[in-house]
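Residue indices begin at 1 and follow the sequence shown.
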Amino acid sequence: MYGWLYRVVLRRLPAETAHLAAMALIRVLGLAAGVPGAARALRRVFGPDDPALRVRALGLDFPGPLGLAAGFDKDARATAGLGSLGFGFVETGTVTARPQPGNPKPRMFRLPADRAIINRMGFNNDGAAALAARLRWRGRRRSGLIVGVNIGKTKAAADYAAAADYAASARAVAGVADYVVVNVSSPNTPGLRDLQAVGRLRPVLAAVREALDAVVPGRRVPLLVKIAPDLSDADVDAVADLALELGLDGIIATNTTISRDGLASPAAEVAAAGAGGLSGPPLRDRALAVLTRLHARAGDRLVLIAAGGIETPEDAWARLAAGATLVQAYTGFIYGGPLWPRRMHAGLARRIRESAQDRSQRRVEQE
């Protein structure tokens, strides 16, 4: 049904218009989930309920390892509905300290031949305080859903004020976020990726950690940083070392890429889309390589959340096998439809059980 709807209706709409329409439907689902007993019924149908899927990470209990990546629900308008569709967690944002409109439209484009998306949204959002108020008001309806908040730099904030700007967002969301992610890797805010250099990243992360601890002294809010796939291997190592030095809880690998290598889409279609971050299967190999390098560098001392090109249970399993504790996706959900989280978790549960059986069989053979 979703495949037909996508082919006949959604793909004929501008990508951002289709996204807003989908968000409206998911928000309706969220309202339905507020009816007594409805949330539990929806979780039974869509949610990850296999014990093999449960993950303990960041001091939190995740019902399943698959979450929705930041960018889909920027302002936390649809968390209840998204949770009802079966995601193990939802990452909201990216939000900034001040509201901002983002880049001019059109700013989101599909590449159907690659099942990919190019976006240059530019952190359009209502501001960190508005997101926090929304999560606080809807807190009773979250039904235990784990909600992270991804924060970025306000475009109007000067580079020298980046640490203070991120800290302002952190203070706003600290009381409502189950974890916080510092986004320094979007290609759509001028100069943002320069903050990935460890000399500039250190004061940002330190300021955010200090802000979180000051606002919520009785609870350590987990702090992660999200990095780009376009970093050199040496820079990936440097970020891992900095994360360990500062006592960060984890790293998300990776954000979108500015590369256009290896695309099946016609060159004219790619050129017409223009600048922006590319997400989807073309990102798969590099995102996996960055994850593998991070795990080799940090081992289990950091929680690694894999993102980028995850479309099938096999993609997700490959990331878990490479050292990820959790996985996230966005573009896979866009192309896969509302039942995609359920299919992903079902496939992952089968793969986890098969792996456990294989390990058990090998132990028996060794004995």
Side-chain angles (χ1 to χ4, degrees), residues 33 38-69 72 79-91 142-148 178-179 222 224 249-253 281 284 287-288 291-292 294-295 298-333 335-367:
R40 183 177 300 175
L42 286 167
R43 283 199 302 272
R44 279 202 301 268
V45 175
F46 296 106
D49 58 359
D50 192 319
L53 292 168
R54 295 172 188 163
V55 178
R56 175 74 180 174
L58 303 174
L60 303 166
D61 291 312
F62 294 80
L66 174 68
L68 181 64
F72 189 92
T79 52
L82 290 165
S84 298
L85 288 176
F87 285 105
F89 61 105
V90 172
E91 189 172 307
R142 278 168 53 179
S143 302
L145 176 68
I146 293 174
V147 177
D178 289 312
Y179 67 88
L224 302 90
D249 297 277
I251 297 176
I252 299 182
R284 181 187 295 126
L288 177 57
L291 171 70
T292 301
L294 285 170
H295 189 256
D300 295 330
R301 292 175 290 173
L302 293 171
V303 171
L304 301 179
I305 301 180
I310 296 173
E311 188 174 44
T312 67
E314 289 70 29
D315 293 333
W317 175 251
R319 306 303 171 91
L320 296 176
T325 301
L326 301 164
V327 297
Q328 291 180 331
Y330 174 156
T331 306
F333 179 46
Y335 282 97
L339 294 180
W340 181 81
R342 179 186 180 187
R343 293 196 301 269
M344 287 288 290
H345 270 132
L348 266 177
R350 287 193 298 271
R351 193 66 184 85
I352 290 169
R353 291 189 182 282
E354 289 170 0
S355 177
Q357 291 171 359
D358 290 344
R359 289 196 303 270
S360 178
Q361 182 62 34
R362 284 196 298 271
R363 284 196 298 268
V364 170
E365 291 173 354
Q366 290 170 358
E367 292 173 357

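The distance from atom CG of Leu145 to atom CG of Asp178, rounded to the nearest 0.5 Å, is 8.0 Å. Interatomic distance, Leu348 CG to Asp50 CG, rounded to the nearest 0.5 Å: 10.5 Å. Here the CH2-CG distance, from Trp340 to Leu68, works out to 8.5 Å after rounding to the nearest 0.5 Å. Considering OH of Tyr330 and OH of Tyr335, their distance stands at 11.0 Å, rounded to 0.5 Å. Note: Leu294 CG to Ile305 CD1 = 12.0 Å, rounded to the nearest 0.5 Å.
Of the candidates Met344, Arg342, Gln328, Leu66 forms a side chain to side chain contact (heavy atoms under 4.5 Å, CB included) with just one, namely Met344. Here the options are Thr325, Leu224, Ile146, the test is side chain to side chain contact (heavy atoms under 4.5 Å, CB included), and the partner is Leu58; only Leu224 passes.
Minimum heavy-atom separation, His295 to Gly323: CD2-CA, 3.6 Å. In terms of heavy atoms, Leu291 sits closest to Ala306 at CD2-CB, 4.0 Å. The two residues Thr292 and Ala322 make their nearest non-hydrogen contact at OG1-CB, 3.8 Å. Of all heavy-atom pairs spanning Gly86 and Pro341, the tightest one is C-CB, 4.0 Å. When all heavy atoms of Val55 and Pro65 are compared, the closest pair comes out as CG2-CB, 4.0 Å. Taking each heavy atom of Ala318 and Leu288 in turn, the nearest pair found is O-CD1, 4.1 Å.
In this structure, Phe72 and Phe333 have tilted ring planes: the angle between them lies in the 30° to 60° band. Note: Phe62 and Phe89 have perpendicular aromatic rings, judged against thresholds of 30 and 60 degrees for the angle between ring planes.
Note on residues 54-69: pairs passing side-chain hydrogen bond (donor to acceptor under 3.5 Å, both in side chains), not counting sequence neighbours, are Arg56-Asp61.
For Pro48, the side chain to side chain contact (heavy atoms under 4.5 Å, CB included) test picks out Leu53, Pro63, His345, with sequence neighbours left out.
Between the Arg343 side chain and the Gly336 main chain, a donor and an acceptor come within less than 3.5 Å of each other. Between the side chain of Ser84 and the backbone N or O of Ala80, at least one donor-acceptor pair lies under 3.5 Å. Side chain of Arg301 to main chain of Ala298: a donor-acceptor pair is present (N/O by atom type, distance under 3.5 Å, no hydrogens or angles). Under a 3.5 Å cut-off, the side chain of Trp317 and the backbone N or O of Gly347 do not form any donor-acceptor pair.
Using a 4.5 Å heavy-atom threshold, the side chains of Pro313 and Arg351 count as separate.
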Inset, instruction - List the steps and the verdict of side chain to side chain contact (heavy atoms under 4.5 Å, CB included) for Arg319 and Leu326. - result: CA-CA 8 Å; Arg319 306 303 171 91; Leu326 301 164; over 6 Å; no
Inset, instruction - Output, in order, the C-alpha distance, side-chain angles, deciding distance and verdict of side chain to side chain contact (heavy atoms under 4.5 Å, CB included) for Val327 and Ile310. - result: CA-CA 8 Å; Val327 297; Ile310 296 173; 3.8 Å; yes
